[in-house]
Amino acid sequence: MTERHVSVENLVKTYPGAAKPSVDDVSFSLPRGEMLALLGPSGCGKTTILRMIAGLVEPTSGSIRLNGREVSGIPVYKRNMGMVFQAYALFPHMTVAENIAFGLEMRGIAKADRAAKVARALDLVKLSGLGDRRITQLSGGQQQRCAIARSLVIEPELLLLDEPLSNLDAKLRDEMRDEIREIQGRTGVTAIFVTHDQDEALSMADRLAVMSAGRLEQIGTPRQIFDRPETEFVASFIGAGNFLNGRVTAAGEAAVDGFGALRFVGDAAVGQDVRLMVRPHRLVMGGAANSFTGTVEHIVYRGQILTMTVRAGETRLQADLHTHAGALPEKGQTVTLGVAPEDVTFIGRAA
Amino acid sequence: MRDRGLVLALLIPGLLAMLATFILPMAWLLRASFSTSTMVQVGFTLDHYRAALVDPFYWKVALNTLTLGLTVAGVAVVLAYPIALFLARTTSRWRGVLTALAVAPLLTSAVVRTYGWMVILGDRGVINGTLQSLSIIETPLRLSNNSFGATVALVEILMPYAILAMLAGFGRLSVQLEEAAAMLGANPLRVFWRIVLPLSLPGVLTGALLVFVLAISSFVTPRLMGGGRVFVLGTEVFSEATVTLNWSLAAALSVMLLVLFSSVIVIYQRALRRLEA
């Protein structure tokens with residue numbers, strides 16, 4: 001078993017006067033050096049968890065441990081965690097270097113050492129030479145880098161990032177996404193970041209914790225979350241999905257209207273009513289295993305992909321196919337599509 | 001350019017209003033301060049300025065005015081700062097009500113509030129009466145009819161302005177910055193000294209300036225609370241104009257007061273620019 005660097009157990013937060021808890025019995029843990037994404041729609045409690053770990057919000061119950069030690073009684077300023085705020089929260093009355101040096105100053109580090117560490121931190125985030133700039137003279141991306149340098153220079157036990165990319169424009173976001181990942185890898189710091197953007201979570205994190213309405217829905221690697229979602233919420237929140245109802249007829253095989261027999265991955269007893277999920281882009285033209293025939297009801301050509309709605313029996317499916325210069329299906333045409341059994345995921349019992 | 005013409009046309013009503021209500025009276029005031037007659041504007045003389053500058057009494061009055069203004073501004077800012085800081089930082093749903101309460105005294109006139117302070121601080125007032133009836137003191141404390149009384153009343157009367165000005169000047173304060181400082185290892189005291197105080201200084205300075213200007217130009221409160229024993233430029237201008245009927249001297253004193261104001265404002269703006277650089 002891997003070492004638990006950070007662990008959260010049965011964490012609950014109920015704000016005074018609220019009928020329902022904002023965070024409802026959440027538990028997870030991270031090994032040292034891992035980057036975890038807390039992913040979910042706004043209001044799902046992900047930021048509250050981050051703030052409880054930071055010590056900015058008092059948990060109602062539950063425990064947060066760092067290296068096996070309970071941190072609940074420790075005030076924010078003694079927790080030694082770095083935090084990158086959504087709006088960066090850089091001190092406007094200080095220069096870039098002064099901002100970065102602030103945490104070192106609070107730790108009583110001598111001025112000469114401070115300068116050396118600040119120079120190294122500026123170098124890490126590619127801001128060398130900008131130490132004397134005022135915060136207002138920095139671009140959005142530079143402010144982001146400055147905020148990261150400020151939170152890393154104190155060599156925190158844990159780095160927390162609250163929607164770190166949401167204030168940047170699309171191009172810069174992709175660039176910073178790679179860069180944050182690279183800096184985290186290079187420093188080896190354990191990190192937790194909050195986001196509502198699935199692309200961001202899938203591409204940056206070692207593991208994702210998907211949340212909904214205060215509860216942890218599923219935690220796993222990007223591939224586990226995307227290919228083996230365990231709940232309908234996870235399956236529909238991350239990526240698009242076709243949801244099918246069927247009845248298990250044999251091990252790994254279910255009867256689904258319009259398909260006949262559909263082979264799937266997952267444990268379900270024979271005779272059980274099940275809910276299955278197929279990603280639109282995992283459907284392919286032509287018959288493989290799990291092939292079925294249907295009529296194209298609706299079609300949109302989108303350049304790279306062709307999105308079509310295919311009706312088979314009473315079942316309607318969305319299929320996203322890669323386009324090519326040759327002949328493509330047309331509306332009203334009868335097509336045969338197939339899907340590999342491992343791309344049919346068992347979500348749970350049918351409601 | 002058509003745009004420029006439109007801009008000028010839109011500016012004209014405002015400029016005319018300024019001309020009629022501000023520039024003309026100021027020109028008249030300046031002209032009156034050089035007049036050889038005390039009531040009508042004729043001839044040219046520097047006598048009134050000379051009189052004001054040579055007479056040690058007016059130097060003392062100017063010094064009194066400056067001391068009163070600085071004291072009132074200092075005390076009002078110190079008292080108003082915690083209130084303004086609380087109002088700026090609170091997330092309570094009573095915030096609107098509390099802010100309204102803090103500035104509610106502005107709804108009553110300064111004259112009424114001055115009389116209120118006369119009742120409280122007078123020789124037979126609430127404080128002296130209570131202390132005497134409890135036999136703690138025999139002779140009443142000198143709480144009014146002096147500059148102490150004027151200072152107390154002015155501080156209370158001008159505090160709402162200080163609170164409002166500070167609230168307006170606290171724009172750069174944010175809870176998130178305080179949280180960021182705490183995350184970096186600053187305890188609450190250091191968060192205050194290193195983050196809250198520096199970022200709220202522009203507001204403090206604006207509040208202090210406003211109270212100072214209002215205090216040195218006040219005359220009703222110093223006159224009533226001072227019982228004729230507190231001489232400041234405001235009361236002197238008033239009595240020269242209405243009692244002695246020496247309008248020209250009153251005008252000269254007003255111009256001098258104006259110079260005092262302007263220099264304070266220049267100093268203030270320099271300081272503010274340095275703070276926000």
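In what follows, every chain begins at residue 1, and chains take the letters A, B, ... in the order their sequences are listed.
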What distance separates [X] [atom1] from [Y] [atom2], expressed to the nearest 0.5 Å?
X	Y	atom1	atom2	value
B:Met183	A:Arg150	CE	CZ	10.5 Å
B:Arg194	A:Phe91	CZ	CZ	8.5 Å
A:His93	B:Ile195	NE2	CD1	4.5 Å
A:Arg51	B:Glu179	CZ	CD	4.0 Å

- Item | Closest contact, heavy atoms only, A:Tyr77 versus B:Ala186 |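 Result for this residue pair: CB-O, 3.3 Å.
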
- Item | Considering all heavy atoms, the nearest A:Pro92-B:Leu177 contact | CD-CD1, 3.7 Å

Chain B heavy atoms under 4.5 Å from [X]: which part of the residue, side chain, backbone, both or neither?
X	answer
A:Arg107	side chain
A:Leu90	backbone
A:Ala147	neither

Any chance [atom1] of [X] has more than 12 other-residue heavy atoms, nucleotides or ligands included, within less than 6.0 Å?
X	atom1	answer
B:Arg270	CZ	no
B:Arg89	CZ	no
A:Asp113	CG	yes

- Query: Can you name the residues of residues 60-73 of chain A that have some heavy atom under 4.5 Å away from a heavy atom in chain B?
  - Reply: none

